[in-house]
Amino acid sequence: MINLKNNSKIKVLIPLRGGSKGIKKKNLKSFNGKPLFTWVTNSALETNLEVFISTEDVEIKENIKSFCPHAKILDRPKEIAADDSSTEDVINHFIKSLDCEHIVLLQATSPLTKSSDISLAIDKYFSNNCR
């Protein structure tokens, strides 16, 4: 298994847009007593990888600082935070903003994702030479 501790070539990206289409502020909705985004974020932080949350929303940024202070905030430009913005737009912004070779994209709407799931996926990615 690959050693994820201090592996600067791999970075985690979690996109959290404030203006959700269907459910307003869905990433901040309580899920089992905590904001939805905290579950996958904390699982990602447990892998010892750098975790970045891309958002334009002030309230989300405040919640990140309160609930997941070790996650890093990447300020998302408003033009890629609209209803018609794609995840690919966010990934492109991430790549242009940070130096990394591999990205683990996680969604806040997958709160059952465990750190072991993330580690196993990364291990399979490298062991199967998917680069």
Side-chain angles (χ1 to χ4, degrees):
M1 187 169 264
I2 189 168
N3 180 6
L4 297 180
K5 192 167 184 152
N6 298 321
N7 193 326
S8 63
K9 294 181 179 187
I10 307 168
K11 298 196 184 327
V12 176
L13 169 60
I14 303 172
L16 296 181
R17 192 166 67 87
S20 304
K21 285 186 228 180
I23 301 170
K24 295 284 183 199
K25 299 282 187 179
K26 73 177 173 209
N27 295 312
L28 297 176
K29 295 286 185 198
S30 182
F31 180 79
N32 202 23
K34 295 188 225 175
L36 180 63
F37 81 90
T38 63
W39 296 96
V40 75
T41 303
N42 285 326
S43 290
L45 288 166
E46 287 173 12
T47 66
N48 294 312
L49 293 171
E50 278 188 289
V51 177
F52 293 85
I53 298 177
S54 171
T55 188
E56 82 298 348
D57 189 88
V58 173
E59 186 178 3
I60 290 175
K61 290 175 186 179
E62 290 170 1
N63 274 268
I64 293 166
K65 291 174 188 172
S66 295
F67 289 95
C68 302
H70 297 293
K72 297 177 181 174
I73 298 169
L74 180 62
D75 289 316
R76 187 188 308 187
K78 296 275 187 202
E79 58 269 12
I80 60 169
D83 279 349
D84 60 349
S85 300
S86 69
T87 302
E88 290 79 5
D89 293 334
V90 177
I91 293 169
N92 284 333
H93 176 254
F94 184 75
I95 291 168
K96 289 176 184 173
S97 301
L98 297 162
D99 180 33
C100 64
E101 291 181 34
H102 310 280
I103 298 170
V104 176
L105 177 69
L106 298 174
Q107 299 292 340
T109 51
S110 298
L112 301 181
T113 302
K114 304 274 185 247
S115 60
S116 58
D117 299 325
I118 299 165
S119 297
L120 182 60
I122 293 169
D123 188 51
K124 285 187 178 208
Y125 170 80
F126 283 105
S127 65
N128 290 308
N129 203 24
C130 295
R131 302 175 229 180

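We find the CG-CD1 distance between Asp123 and Ile118 to be 13.5 Å, quoted to the nearest 0.5 Å. Taken to the nearest 0.5 Å, the CG atom of Asn92 stands 7.5 Å off from the OG atom of Ser86. In this structure, CD1 in Ile73 is found 10.0 Å from CD1 in Ile60, a value given to the nearest 0.5 Å. Separating the SG atom in Cys68 from the NZ atom in Lys34 is a distance of 8.0 Å, to the nearest 0.5 Å. Note that CD1 of Ile10 and CG of Asn48 are 11.5 Å apart. Values are rounded to the nearest 0.5 Å. How far NZ of Lys26 is from CG of Leu36: 8.5 Å, rounded to the nearest 0.5 Å.
Taking both residues in full, the closest heavy atoms of Leu74 and Phe94 are given as CD2-CD1, 3.6 Å, listed atom of the first, atom of the second, then distance. Taking each heavy atom of Ser85 and Glu79 in turn, the nearest pair found is OG-O, 3.4 Å. Scanning all heavy atoms of the two residues, the minimum distance from Asn27 to Ala108 falls at OD1-CB, 3.4 Å. Residue Ser43 comes nearest to Ser115 through the heavy atom pair O-CB, 3.2 Å, listed as atom of the first residue, atom of the second, then distance. Residues Thr38 and Pro35 approach most closely at OG1-O, 2.7 Å, considering heavy atoms. In this structure, Gly18 and Thr55 approach most closely via the heavy-atom pair N-OG1, 4.5 Å.
The closest side-chain heavy-atom distance from Val51 to His70 is not below 4.5 Å. Two residues are said to be in side-chain contact when any heavy atoms from C-beta on lie closer than 4.5 Å; Asp83 and Arg17 meet this criterion. Using a 4.5 Å cut-off on side-chain heavy atoms (C-beta onward), Ser97 and Phe52 make no contact. Side-chain contact between Ile122 and Leu49 is present, with heavy atoms from C-beta onward closer than 4.5 Å. When side chains are defined from C-beta on, Leu28 counts as touching Phe37, because their heavy atoms get closer than 4.5 Å.
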Open item on the list: Run Trp39 and Asn32 through side-chain contact (heavy atoms from CB on, under 4.5 Å) and show every step you take.
Closed with: CA-CA 10 Å; Trp39 296 96; Asn32 202 23; 3.9 Å; yes

- [ ] Any chance you could lay out the salt bridge (Lys or Arg N to Asp or Glu O under 4.0 Å) test for Lys11 and Glu50, step after step, and finish with the verdict?
- [x] CA-CA 5 Å; Lys11 298 196 184 327; Glu50 278 188 289; 2.7 Å; yes

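At a threshold of 4.5 Å between side-chain heavy atoms, the hydrophobic network of Ile, Leu, Val, Met, Phe, Trp and Tyr places Leu45 and Ile64 in one connected group. When hydrophobic clusters are built by joining Ile, Leu, Val, Met, Phe, Trp and Tyr residues whose side-chain heavy atoms come closer than 4.5 Å, directly or via intermediates, Tyr125 is grouped together with Val40. Ile53 is not connected to Ile80 by any chain of hydrophobic side-chain contacts under 4.5 Å among Ile, Leu, Val, Met, Phe, Trp and Tyr, and they are in different clusters. Side-chain heavy atoms closer than 4.5 Å link hydrophobic residues (I, L, V, M, F, W, Y) into clusters, and following such links, possibly through other members, connects Val12 to Leu16.
For Asp99, the CG atom counts as loosely surrounded, since its 6.0 Å shell holds 12 or fewer non-hydrogen atoms of other residues, nucleotides or ligands.
Remark: Leu105 pairs with Leu13, Pro15, Thr87, Ile91, Gln107 by the side-chain contact (heavy atoms from CB on, under 4.5 Å) rule, at least two apart or across chains.
Among Lys25, Arg76, Lys24, Lys78, the single residue meeting the salt bridge (charged side-chain N to carboxylate O under 4.0 Å, His left out) criterion with Asp57 is Lys25.
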